[in-house]
Each structure stands twice: as C-alpha cells, then as structure tokens.
Amino acid sequence: MVRRSGKSPELTAQELGETLVNATPQLSGYNVIKGFLNLSVSASYWGETLHALAAQKSFPQKEEKVMVEYSSPNTNKPLHLGHIRNILMGYSIAEIMKAAGYPVVKANLINDRGIHICKSMLAWQRFGNGENPQDSVLKGDHLVGKYYVVFENKLQEQTSEELAAALAGEWVCSDAKIQKRYLDTYEKLIGSKDEKQVSKFKGDIKDLVRNQSELMKSCQEMLRQWEAKDDAVIQLWSKMNAWVYEGFNRTYDRLGVNFDAMYYESNTYLLGKDIVQEGLNSGVFFKKEDGSVWIDLSSDGLDEKLVQRGDGTSVYITQDMGTADLKYKEHGIQRSVYVVGNEQDYHFKVLFLIMEKLGRSYAKGMYHASYGMVDLPSGKMKSREGTVVDADDLLQEMYDTAKAKTEELGKTDGMSESELHELYHRLSIAALKFFILKVDPRKRMLFNPQESIDFQGDTGPFVMYTYARIKSILRTANFDGETMNTDVVLHQTEMSCIKMLSEFESVVKTAAEEYNPAAICQYVLDLAKSYNKVYNEVSILKEENASLRNMRLFLASQTAQTLQRGLKLIGVETVERM
RNA sequence: GACCUCGUAGCUCAGCUGGAUAGAGCAACUGCCUUCUAAGCAGUAGGUCACAGGUUCGAAUCCUGUCGGGGUCACCA
C-alpha cells in the first residue's frame, strides 16, 4: 500500500484512517502508531454484529461432491495409535467439508486379501484349536491379530537354523533357481562394506529362506486357493474377516466415527487392467519387451513407473487407478481426499499425475491428506518389538483416567450411572481427539502415554468445561434466546469474544480448503479462552441492567453454540454438566 | 546418492499467503473460591525462531547453502 501511495507509512495510514472513518458509520475514530492504523469501533457495532452472527446458522451449499477415504485398515491386525490419527483426521476432514457446504461421502477401503491375511488364517487353522471371539476374552480383531503373531513366531522357529546357515553361506535349496539367487546375493553380501547394503542383502536372504519354508509355501498355496475361490478357504476367510469387522466396528463406534461407503480390496484388486489397456492405446503408457507396462514421468521430474507386471498381473497402483474410476462412477465425486500416511507421498503424486494424463475430469480434485507418524518416547512404534499402542487399550485407559479425574473433583452429585458413563466416555474421547488433532497433520507427533493426555490447559475437556459452565448459567437464567436492546456498552473482553465469534465462518472455510482439523482445534481453544476471560471479568446473573444482562446471556448462548458447532467438526460431543 | 519433509521456551505445540514487544499449554513459582462450575482466571520466570548467507524499508515466515531428525526412491501393499 505504501508502495502504491508513494508516501510514508505514517502519512498513508493517516489518510486511509480519515477516509474510512468518514465513510463508515460503524467506525468512531482512528489513530496511527508506528505506521500502523488502528480503527475504533462504535459501541452498538458489537451488539449488531453478534445479532447478525446468530441469524446465520449454516454456510452456503456447494455443488462439488467430495469423498473422504480414511481408516483403510488391514484385516490381520487390530487398530493402533497410528490408525487412530488417520481415523480422527479423516472423520474430522469429512465433517469440516460438510460444514463448509460440500456433500460428503465417507469411504473406507478395507485391505481384506493378500498374503498377510492368509498368515492369520493358516495359523488359526493349525494352532487355533477352534478358538473364536464368542468364547474368547479377545475381540475378533485381536483374536485374528493374535494368530498373525503366532504365524510369525512359528515361522521364525521353523527357519532360524536355516537362516543362520544361510548367513554363513551354507544354505542349500532344492530349487536350482532359488539356489542361484541365494548364492549371488550371498556373494554381494560378503563383498559389501556399506552398512545399509549389508542389511538389505541380509533381508533379501532372509526372505529367500522364509519363502522356502513349509509354512510360507502353505501360506502361498492358500492365497492361490483363495484366488481360485476354493470353498473351504473362502469360508474360513469370510468367517475370520467377520470377526475382525465386528471388532473394528466396536472401536469405530467408541471413537464416534462412521462410513457411508465400504470398499473391499477383494472386490477391487483386479480393477484397473482396462485402464492400463486404455493408457496403452492412447500412448500414455508404453510396453517393454518383457510385456510389463510403464509410464514415463521423467518430464515431470519423476521416474519411470511400473503400472502392470510382465505377466499381466496388477501392482498396487493399478488397482488404485481402477478404484479411482469406480469411486467416480458410483458417486459422481469431483473431489477425492485420501487420508494416508506421508510415507506414501510419492505414490499419490504418481497416481494423481497418471489420472491427469489419462484425462480424468476428476483428477485435479484428487488430494492426498498426508500426515506424519506418531512417535513414542522410545521412538518409532514397532509391532515386532511390541511397542505399538493398541487402540482399544488406549481408549480404555483414557476412560479410566477421565473417571478418576472426575471423581476426584466430585462435582457430579445426582448424576445417574448411565449419565456418568456417558460423561467419562465423552471426556476421554475429547481429550484424545484434541491431543491428536490439534497438531498440524503434516508433522510427525510425539505421544507419551503417561504424560500426554491431560484434562487441563489446551485440551478437549477444557473446551467442554467452558461450554458446560455457560449452559449452567443459561439454565439458571431461563434464557429464551431472544435479545432486546443491542445498544449497550460491553466489556473489553466481551468485544474480543464477539470478534472471535465472527471469525468462525472463515476459520471453517480455511480448514476445509486446507483439509486441516488443527485449525478448528486452535480456534475452539482460543474461543473458550476468550470466553473464560469474559466469565471472570463480568457477572451475568447479578447484572441489574436488564439490557446488559440480556446481551450477556445472548453472548454466552452464542459462544456455547459456536463451541458446540466447532467441537462437532472434530468429533467431540459436549455435556451439559461436568 | 537423488528427491520430499520437518527443526520455534526444559517438554508438547501455535504462528509460516513477509509487518508492531515471537504466542499458548505442561512443568516451576505468586495470587484469586461467604459472588454465575477453580477441569477456571490473573501474574512471575523461561527464546541468538538449528546455523550461515541473500531478497526487502522490514524475515520465524520467501530464496540458496550447511548441519541435524524422519520419509521415499520394489515387477510389496
């Protein structure tokens, strides 16, 4: 602005202030400090603003239909803390998009097939003794997860001697091809000095040995039978998957999330082959001598990327292409949000680029809501080392903490057993959701099970508390939600609270544009803090001026509503008392 | 090795489309419940915004480089 006016910042501000105050009745004055223009606003402005905000209850509707895919679990293991970040983010993004006016479809693409599923199945078949969730203390997903671990342990037992031999260069395999690959790899291992290389070759050898074991061969055989739709295998698969779904659903319910569309990889894993053909015809893809199909993305700064194997079978990205088309066909979506960890940044970059080159109309609406890992104080979560934080355990711990904390405060006289349960539940979920969602999704975050989850300070329960306290006032005042006279002089804290309320819409809009629930958390916290200042500065029930008292009740009521609406966007439910 | 990403108070994080003295919470210390719920409020203390250059009247913010953490570069998913 200074550049345009050609005058000093001070002078520019002077002139601008002068003009603005003259032209706008809501402005009562201005001053300039250090080149910054400060405008003063007239008393009635605040009441009128608040009034206008109350009249507006929803944002303009949009045409563009949005799909948010999240959770997307494997059916061989129970959910853990990493999944929780994904699930909470996905649900919240969907709610924010809805609030911003978009029609939203929440989708879950379940990875219910493949070698890892067969591992659980095989282990259960051999070592399970018919154990099932009805008779077991374990939830279905935990039961299946248990057999996945059993498989890995048995495999290790079966192969440890051979592996030791193989690393000593003394492994003999009956399959000549495998034997040759082993010897080649072993030679490279011996010749390599780079530590990274060494561990890679060791890994390769481990895979060779494991894949030759009886257990892995049976497992691969089972996968072949599954693909051939063998009755017995399909039955076992259906039965165990049903256990897992029942378990997952209980966790989803507890987290308060849901889905509108379910996709299963058992149905989608063959999709995308026609797209490969289409791409070959249009020259977007090309074929190599061995029959494998590729796309050259070097002009976009990326590499060549395989889209179909030489034997005509699919790779990961093949089915993603097919699924993208399927989603579009089924739901007519213009935007597709994939909530997936940032280790897949490259994959999605490639996928979106391919769909664009294939001329898909929806391609520019594809977005990877990428998020960082959740670390523990001990470092990365590793299932092999047993350091994963199980979702169900965590939820239970949170619940117990909420209960203990509430009982300690002793403010719940007269609440029934079920009301108390609901309170503990909502408090624990609020604490968890806030803790996870308030940090920028892109960043990796640290989760300390002992210390992280708090009920004081910048937390979900803090916001819930502000809400409950307001509701308590409104109850005793019997406030009917009507205002009378807006022309009252408000306290400084009240003005800044009204200002915050007026920012709600733009915050939601920005959060939707950036797919960022953290923006909502931050706003809701700030609003609660802002109102808590009001609460401490002014008295409502004791106010004798009827207009002022009424205006204050109105502000309280608007704040409560906005808190509630904001909390809903991150999946947190309020309570009337706590 | 190439590419992507992050580095702000003791700890966990905001701020990042350039603007006033860099903000919260936790932990520590002080106050405030005979007044609407103290899961609250007010205050003290705590910072070379990783480092070095550059662009600009002005840089935590933009650009380049260095260092450090993480990730990706599979005919795995």
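Given the structure is predicted, the values throughout are model-derived calculations rather than measurements. Labels below follow one simple rule: chain letters A, B, ... track the order of the sequence lines, proteins then strands, and each chain is numbered from 1. Every heavy atom of this structure was used, including side-chain atoms; hydrogens, water molecules and symmetry mates were not.
B:A2 is paired with B:U72 under the criterion used here, namely a Watson-Crick or G-U wobble arrangement in which both key atom distances are under 3.5 Å. Across all strands shown, B:U12 forms a Watson-Crick or G-U wobble pair, both distances under 3.5 Å, with B:A24. Checking B:C36 for Watson-Crick or G-U wobble geometry (two distances, each under 3.5 Å) identifies no partner in any strand. Shown here, B:G31 forms a base pair with B:C41; the pair counts as Watson-Crick or G-U wobble because both key distances fall under 3.5 Å. As the counterpart of B:G7, B:C67 is assigned, both hydrogen-bonding distances of the Watson-Crick or G-U wobble pattern falling under 3.5 Å.
Contact check, A:K443 against B:A14: a side-chain N or O comes under 4.0 Å of OP1 or OP2. At least one side-chain nitrogen or oxygen of A:R469 sits closer than 4.0 Å to the OP1 or OP2 atom of B:A38.
Salt-bridge annotation for A:E422 and A:R426: present, with a side-chain N of the basic residue lying under 4.0 Å from a carboxylate O of the acidic one. The pair A:K327-A:E69 counts as a salt bridge, with a side-chain nitrogen and a carboxylate oxygen less than 4.0 angstrom apart.
Atom C1' of B:A28 sits at a distance of 10 Å from the matching atom of B:G10, rounded to the whole Å. When the P atom is used for both B:U64 and B:U5, the distance is 11 Å, rounded to whole Å. B:U12 and B:G70 have their P atoms separated by 15 Å, with the value rounded to a whole Å. Straight-line distance between the C1' atoms of B:G47 and B:U21: roughly 13 Å, to the nearest whole Å. Nucleotides B:C33 and B:U17 have their P atoms positioned 44 Å apart, rounded to a whole Å. Taking the C1' atoms as reference points, B:A74 lies 35 Å from B:C63, given to the whole Å. Comparing B:A9 with B:A45, their C1' atoms sit 11 Å apart, to the nearest whole Å. Atom name C1', nucleotides B:G15 and B:G71: the rounded distance is 25 Å, in whole Å.
Nearer to the 5' terminus of RNA chain B, by closest-nucleotide assignment, is the contact made by A:A518 (compared with the other of A:A518 and A:K533). The residue among A:T459 and A:I540 whose nearest nucleotide of RNA chain B lies closer to the 5′ end is A:T459.
When the C1' atom of B:C6 is taken as reference, atom CG of A:D345 falls 12 Å away, rounded to whole Å. One atom, CZ of A:F348, and another, P of B:C3, lie 24 Å apart when rounded to the nearest Å. Between the C1' atom of B:C41 and the NZ atom of A:K529 lies a distance of 13 Å, rounded to the nearest Å. Distance, A:I453 CD1 to B:C13 P: 12 Å, rounded to whole Å. Distance, A:M445 CE to B:U5 C1': 17 Å, rounded to whole Å. One can place CZ of A:F462 at 12 Å from P of B:A39, the figure rounded to the nearest angstrom. Computed from coordinates, the A:E514 CD to B:C16 P distance equals 9 Å when rounded to whole Å. Separating the CE atom of A:M578 from the P atom of B:A38 is a distance of 12 Å, rounded to the nearest angstrom.
Figure legend: cation-pi geometry between A:R113 and A:Y269, with NZ or CZ positioned under 6.0 Å from the six-membered ring centre and within 45° of its axis.
Here the options are A:N267, A:I275, A:T268, the test is side chain to side chain contact (heavy atoms under 4.5 Å, CB included), and the partner is A:L271; only A:T268 passes. With A:P73 as the fixed residue, the side chain to side chain contact (heavy atoms under 4.5 Å, CB included) test singles out one of A:L109, A:D141, A:I110, A:N86: A:I110.
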Fill in: Protein-to-nucleotide contact annotation, 5' to 3' order, nucleotides 69-77 of chain B [B base; S sugar-phosphate only; - none; under 4.0 Å, heavy atom]
-SSSS-BSB
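Residue A:T406 is in base contact, counting any heavy-atom pair closer than 4.0 Å across all strands shown. Base contact: A:A468 has a heavy atom under 4.0 Å from a base atom. Residue-level contact check: A:I115 touches neither bases nor backbone, having no heavy atom under 4.0 Å from any strand. Using a 4.0 Å heavy-atom criterion, one finds that A:S472 contacts the bases of the nucleic acid, with or without backbone contacts as well.
One cannot find a donor-acceptor pair under 3.5 Å joining the base of B:U35 and the side-chain atoms of A:K542.
Ring geometry for A:H421 versus A:Y399: interplanar angle of 30 to 60°, hence tilted.
Which of B:C41, B:U37, B:A24 sits closest to the side chain of A:N536 comes down to B:C41.
Listed by first then second residue, pairs satisfying side-chain hydrogen bond (donor to acceptor under 3.5 Å, both in side chains) with a partner in residues 508-521 of chain A read A:R335-A:Y515, not counting sequence neighbours.
Taking the centre of each ring, A:H347 and A:Y316 come in below the 6.0 Å mark.
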Show every donor-acceptor pair shorter than 3.5 Å between a side-chain atom in residues 435-443 of chain A and any protein atom, with sequence neighbours excluded, or say none if there are none.
{"unit_1": "A:K438", "atom_1": "NZ", "unit_2": "A:D458", "atom_2": "O", "d": "3.1"}
{"unit_1": "A:D440", "atom_1": "OD1", "unit_2": "A:R442", "atom_2": "N", "d": "3.1"}
{"unit_1": "A:D440", "atom_1": "OD2", "unit_2": "A:R442", "atom_2": "NH2", "d": "3.0"}

